[in-house]
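Residue numbers begin at 1 in each chain, while the letters A, B, ... track the order of the sequences.
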Number of protein chains: 2
Amino acid sequence: MIRMPTAPQPGTGLRERKKIRTRQAIRRAAYRLFEERGFEATRVDEIAAAADVSPSTVFRYFPTKEDIVLSDEEDPIVEAALRARPAGEPPLASLREALRQTIEQLYASPEAPEEIARRMRLIATVPSIRARLHESVADTSGMLTRVLAERTGRRPEDLEIRVFMGAVLGGLTEAMLHVAEHHAEVDVVDVLDRALTVLQNGLAD
Amino acid sequence: MIRMPTAPQPGTGLRERKKIRTRQAIRRAAYRLFEERGFEATRVDEIAAAADVSPSTVFRYFPTKEDIVLSDEEDPIVEAALRARPAGEPPLASLREALRQTIEQLYASPEAPEEIARRMRLIATVPSIRARLHESVADTSGMLTRVLAERTGRRPEDLEIRVFMGAVLGGLTEAMLHVAEHHAEVDVVDVLDRALTVLQNGLAD
DNA sequence: ACTCTTCTGAGGGTCACTATCACTTGATAG
DNA sequence: CTATCAAGTGATAGTGACCCTCAGAAGAGT
């Protein structure tokens, strides 16, 4: 007989909760060690020990050491927000709103700003993390390209759409790095706005 | 007394020629092995053996295995071409011309098309190479940002310029990947033109 | 030929990451 | 409550890219 599980609520079971706790334990331990002695000077074994799990478990949760810092949980949020936009809206406007909502949501939880600041500091200073960031942005770009292609009724391999999304994400990544390098002095939403303005008007002049 | 060498012609000495030959030997050996058994299945030691040098020498010439494929010799060409553009010209137009010239120059040597095709195939298929590509594009972006800032009399940390260059390079990178995935069927200059058109007009709609 | 500098090879080491497998533990059926 | 199954974990033993150091070879200038 074909296995037909009784559709357990996501996030319900003890198993799920345990996984979330382990994930957080690893991340917390890692961040603490990164602050203390720096990213590259911290070995994965040490993170594992500090989080009280085995090294293999660390890799089960995070495919690379850099992903402990990055680990894109934003993607699904942006995707949902983008899909929720009205059909006729111009792409860049849809993205603007989707991104604004995502940022808002990310800053919602109380300890978020602290964590984001730590993350920004690492992105700004550790080259291998920046490298991985660019990779993950490329993935995000692919995902958004698919959504946008679907919304506008084009094929996702369409050159024009790819270039469009590549440009938007390239611009926004630079904006993000700008924030990372000046996180104390700038307002994220303001930078996002200025970046989108450049994308809208500035490329022609 | 301060060492004041008699400014040897670049490219003249026996030393220089030998370095170039070694570099080419490594690259050729590597490409041959990559074709034969794939990128990841080829160990650096094997490349070294095939090129008849020691493994350490391979790393002296190429900081990472991926760089054997990428090794940005284009950057200085683009930079020079961009600096040669008239002062008042709009940035995107300057870039268009600089890029067109660079591509032309890259395809100049007789065996270039073959090599470029091989390179494209690797870029299209090997994830770690694509990752490194994005990194190196980020470096190029930084360099072009500096040039453009200089030409327009702004500071290179200026948000608007960074976003502009990030967007342009993000778009062009996607165009390049498009070429890599369809290298047999498309014309590079044509794709470049279409990409630049999107960058000029398309972001607003 | 003589020195100085640059380039190379050898050897040994680090560490991120993988694969395998036995073991434990939460979920599910009866 | 128990038997069964699937999923998650840890121990162990790799692999391979990359780094460091140091001794020797080989152009370059006197």
Side-chain angles (χ1 to χ4, degrees), chain A residues 1-26 30 33-34 37-70 126-129 131-132 135, chain B residues 1-26 30 33-34 37-70 126-129 131-132 135:
Chain A
M1 178 189 172
I2 293 172
R3 179 128 198 78
M4 198 60 190
T6 40
Q9 305 297 73
T12 306
L14 170 55
R15 219 165 219 169
E16 295 301 313
R17 269 176 285 141
K18 230 176 171 179
K19 282 215 301 206
I20 293 175
R21 249 186 299 141
T22 309
R23 198 181 174 81
Q24 275 195 347
I26 294 173
L33 291 173
F34 293 162
R37 54 186 98 165
F39 181 83
E40 15 238 356
T42 306
R43 274 166 295 139
V44 173
D45 316 14
E46 297 174 327
I47 299 174
D52 210 40
V53 293
S54 84
S56 16
T57 297
V58 174
F59 286 112
R60 260 189 218 100
Y61 280 84
F62 301 97
T64 75
K65 189 177 154 191
E66 284 76 20
D67 282 304
I68 302 179
V69 178
L70 296 173
V126 181
S128 73
I129 294 185
R132 189 86 177 93
E135 260 188 275
Chain B
M1 181 189 173
I2 291 172
R3 178 127 198 78
M4 197 62 191
T6 39
Q9 306 297 74
T12 307
L14 170 54
R15 217 164 224 168
E16 295 300 314
R17 268 177 286 141
K18 229 178 173 178
K19 282 214 301 205
I20 292 176
R21 249 186 300 141
T22 310
R23 198 180 175 81
Q24 276 196 346
I26 295 173
L33 292 173
F34 293 161
R37 53 185 100 167
F39 181 83
E40 13 239 357
T42 307
R43 274 168 292 139
V44 173
D45 318 14
E46 297 174 328
I47 300 173
D52 210 42
V53 294
S54 83
S56 18
T57 299
V58 174
F59 285 113
R60 260 193 274 281
Y61 280 84
F62 301 98
T64 76
K65 190 177 153 191
E66 285 75 21
D67 282 303
I68 301 179
V69 178
L70 296 173
V126 182
S128 72
I129 294 185
R132 189 87 177 94
E135 260 188 275

## Note on the structure
B:R23 CZ to C:dT8 P, in whole Å, measures 12 Å

#### Entry: Spacing of A:R132 atom CZ and A:E135 atom CD [to the nearest 0.5 Å]
4.5 Å

### Task
Check every strand shown and say whether B:S128 touches a base, only sugar-phosphate, or nothing at a heavy-atom separation below 4.0 Å.
nothing

Between the protein and nucleotides 7-10 of chain D, which nitrogen or oxygen pairs are less than 3.5 angstrom apart?
residue	atom	partner	partner atom	Å
D:dG8	OP1	A:K19	NZ	2.7
D:dT9	OP1	A:Y61	OH	3.1
D:dT9	OP2	A:Y61	OH	3.4
D:dG10	OP2	A:S54	N	3.0
D:dG10	OP2	A:S54	OG	3.3
D:dG10	OP2	A:T57	OG1	2.4
D:dG10	N7	A:R60	NH2	3.3
D:dG10	O6	A:R60	NH2	3.1

### Task
Would you check, one step at a time, whether the test side chain to side chain contact (heavy atoms under 4.5 Å, CB included) holds for A:V126 with A:F34?
CA-CA 11 Å; A:V126 181; A:F34 293 162; over 6 Å; no

### Message
For A:V58 versus A:V53, what's the shortest heavy-atom pair and its separation?
### Response
CG2-CG2, 4.1 Å

### Message
Looking at A:E46 and A:R43, would you say the former's side chain and the latter's main chain have a donor-acceptor pair under 3.5 Å?
### Response
yes

### Query
D:dG16 P sits how many Å from B:E46 CD, rounded?
8 Å

### Query
How sharply is the helix from C:dT3-D:dA28 to C:dG30-D:dC1 bent, taking the axes over five pairs at either end and rounding to 10 degrees?
20°

#### Entry: Considering all heavy atoms, the nearest A:T42-A:R37 contact
OG1-CG, 3.4 Å

### Message
Expressed as a whole number of angstroms, how long is the span from B:R17:CZ to D:dA26:C1'?
### Response
14 Å

### Message
Can you measure A:I20 atom CD1 to C:dG26 atom C1' for me and round it to whole angstrom units?
### Response
15 Å

### Summary
Testing D:dC18, C:dC17, C:dA27 for proximity to the side chain of A:E66, the answer is C:dC17

#### Entry: Non-hydrogen atoms of B:A48 and B:S54 that approach each other most closely
CB-C, 3.8 Å

### Task
Measure from the side-chain heavy atoms of A:R43 and tell me the nearest of C:dA16, D:dC18, C:dC17.
C:dA16

### Query
Could you state the interatomic distance from CD1 (B:I47) to CG (B:D52), rounded to the nearest 0.5 Å?
14.0 Å

#### Entry: Any residue meeting side chain to side chain contact (heavy atoms under 4.5 Å, CB included) with A:Y61, in chain and number order, not counting sequence neighbours
A:K19, A:T22, A:R23, A:I26, A:T57

### Message
Can you measure B:R21 atom CZ to D:dA26 atom P for me and round it to whole angstrom units?
### Response
14 Å

### Task
Take the protein atom CZ of A:F59 and the nucleotide atom P of D:dG14, then report the distance between them rounded to whole Å.
18 Å

### Summary
note: B:I68, atom CD1; D:dG16, atom P; distance rounded to Å ~ 16 Å

## Note on the structure
Whole-Å distance, A:I47 CD1 to C:dC17 P, equals 10 Å

### Query
Taking atom CD1 of A:I68 and atom CD of A:E66, what is their separation to the nearest 0.5 Å?
8.5 Å

